[in-house]
**Student:** 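Quick one: structure below, then a few questions.
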Amino acid sequence: MPIPIIFDTDPGVDDAQAIAIALAHPDIELLGLTTTFGNVTVDIATHNALLLAELAGQSIPVAQGAAGPLVKRKNPPPGHIHGDNGLGNIELPEFTSQALTQSAPEFIVEQVNARPGEIVLVAVGPLGNLAAALQLDPTLVDKVKRVVVMGGSIREGGNVTPVAEANIFNDPHAAAKVLQAGWPLTLVGLDATHRCVLDPASMERIVAAQGGLGKILGESYTFYRAFYHRALGIDGCCPHDSCALVWLLRPDLFTTERGYLSVVTEGLAEGQTVMAPERREFVDSRWSQGVPADVCMNADGAAVVEWMVETLTANPVL
Ligand code: RIB
Ligand code: CA
């Protein structure tokens with residue numbers, strides 16, 4: 001039985017790779033794409049989400065969401081990482097599909113209420129849409145099947161500050177609401193995604209199978225790969241957002257720990273995610289509030305990448 005998901009995203013080069021997986025995998029029922037600022041402005045995120053779905057030949061609802069963070073000043077989009085157009089500054093084809101008039105939070109609330117207990121929210125950008133959906137309907141906590149967040153870092157260190165991962169850093173107040181809401185939640189952070197490198201040979205196999213969408217994936221990958229070479233000295237890129245979907249379908253490729261999550265929202269460490277392991281006691285109980293989450297602390301990187309390639313070559317776009 002395919003898993004119904006709503007994919008909340010800020011496409012973004014690695015988002016695009018994950019969207020291709022969500023569009024391709026027979027065990028995923030993609031109910032919609034909801035867009036947020038983060039790697040790009042929310043308008044560009046919506047543009048790219050519509051384009052990617054149309055290139056895959058699928059009619060997927062796209063609902064636009066958060067244009068900025070709940071509280072803090074918005075940081076400029078990282079054009080040096082994803083390109084100013086979010087897809088490596090490559091030339092993009094025209095498309096005809098249009099976004100819903102319904103907002104992302106409204107779409108999430110409507111869909112989850114229509115199918116209580118069934119839907120997995122997969123969030124791979126800043127978490128403002130999920131926070132707003134919770135604000136609209138707090139009962140979502142008991143109606144989603146699970147929330148899977150690509151974000152955070154427990155022991156790996158940060159990628160935008162020494163301690164903060166981008167999605168959390170871009171909206172720490174929203175992240176705190178989402179990670180501490182009490183719904184069933186899995187965090188797929190840098191502790192896992194940094195163990196995975198989508199290498200050029202694997203990317204070539206994906207490109208060959210994915211038609212016009214593959215062309216976009218391949219050309220945008222070139223830009224993103226150059227960033228990773230400069231930043232981390234690796235030849236390839238970390239497929240952060242795809243890891244959230246790989247965990248959903250192949251949790252056995254990841255090592256998880258259960259713990260209470262907190263988010264630092266102000267000061268030098270803003271955007272840091274802190275995990276208090278479930279059975280540990282600390283100086284007081286403030287780090288162990290709410291419901292523990294399942295936190296990915298490691299991944300079999302080679303198997304994750306091979307699963308990505310298998311998925312995207314076994315389900316070609318004609
Ligand atoms: O830190 C990596 C995350 O931030 C990924 O979701 C990437 O797309 C960016 O949004
Ligand atoms: Ca993303």
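Note that these values count all heavy atoms, side chains included, but never hydrogens, waters or copies made by symmetry. Order of listing sets the numbers, starting from 1, for every ligand and every atom in it.
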**Student:** Between N315 (side chain only) and H25 (backbone N and O only), is there a donor and an acceptor less than 3.5 Å apart?
**Tutor:** no

**Student:** Going through the distances and angles, do D8 and T34 end up as a side-chain hydrogen bond (donor to acceptor under 3.5 Å, both in side chains)?
**Tutor:** CA-CA 5 Å; D8 191 69; T34 51; 2.5 Å; yes

**Student:** What atoms of ligand 1 come within less than 4.0 Å of a heavy atom belonging to N167?
**Tutor:** 3 (C), 4 (O), 5 (C), 6 (O), 9 (C), 10 (O)

**Student:** Give a yes or no on whether the ring-centroid distance for F95 and H47 is below 6.0 angstrom.
**Tutor:** yes

**Student:** Short list, please: which atoms of ligand 1 are under 4.0 Å from a heavy atom of V124?
**Tutor:** 6 (O), 10 (O)

**Student:** At the Ca ion (ligand 2), what's the angle from D241 OD2 to D15 OD2, rounded to 10 degrees?
**Tutor:** 70°

**Student:** Of the backbone atoms (N, CA, C, O) and the side-chain heavy atoms from C-beta on, which set of N159 has a member under 4.0 Å from an atom of ligand 1: side chain, backbone, both, or neither?
**Tutor:** side chain

**Student:** Any idea which atoms of ligand 1 are less than 4.0 Å away from a heavy-atom of D15?
**Tutor:** 8 (O)

**Student:** What is the distance from atom OG1 of T35 to atom CZ of F7, rounded to the nearest 0.5 Å?
**Tutor:** 12.5 Å

**Student:** Please could you name the atoms of ligand 1 that D10 approaches to less than 4.0 Å, counting only its heavy atoms?
**Tutor:** 10 (O)

**Student:** So, regarding D241 and ligand 1 (criterion: nitrogen or oxygen to nitrogen or oxygen, under 3.5 Å), is there a contact or not?
**Tutor:** yes

**Student:** Can you measure from NZ (K145) to CZ (R115) and round to the nearest 0.5 angstrom?
**Tutor:** 11.5 Å

**Student:** Centroid separation under 6.0 Å, is that true for the rings of Y224 and Y228?
**Tutor:** yes

**Student:** Are V40 and F169 linked, directly or through intermediate hydrophobic residues, by side-chain heavy-atom contacts shorter than 4.5 Å (ILVMFWY only)?
**Tutor:** no

**Student:** Checking only N/O/S atoms, does V124 have one that is under 3.0 Å from the Ca ion (ligand 2)?
**Tutor:** yes

**Student:** With atoms numbered from 1 as shown, which atoms in ligand 1 lie under 4.0 angstrom from a non-hydrogen atom of A166?
**Tutor:** 1 (O), 4 (O)

**Student:** Decide whether V264 and F282 are clustered together by the hydrophobic rule: side chain heavy atoms of Ile, Leu, Val, Met, Phe, Trp, Tyr closer than 4.5 Å, transitively.
**Tutor:** yes

**Student:** For atom 9 (C) of ligand 1, what is the closest protein heavy atom, and at what distance to 0.1 Å?
**Tutor:** N39 OD1, 3.2 Å

**Student:** Among the N, O or S atoms of D10, which one sits nearest to the Ca ion (ligand 2)?
**Tutor:** OD1

**Student:** Within a distance under 4.0 Å of any heavy atom of D14, pick out the atoms of ligand 1 and give their elements.
**Tutor:** 5 (C), 6 (O), 7 (C), 8 (O)

**Student:** If you count the atoms of ligand 1 from 1 in the order shown, which ones are under 4.0 Å from a heavy atom of E165?
**Tutor:** 1 (O), 2 (C), 3 (C), 4 (O)

**Student:** Can D15 and T9 be counted as having a side-chain donor-acceptor contact under 3.5 angstrom?
**Tutor:** yes

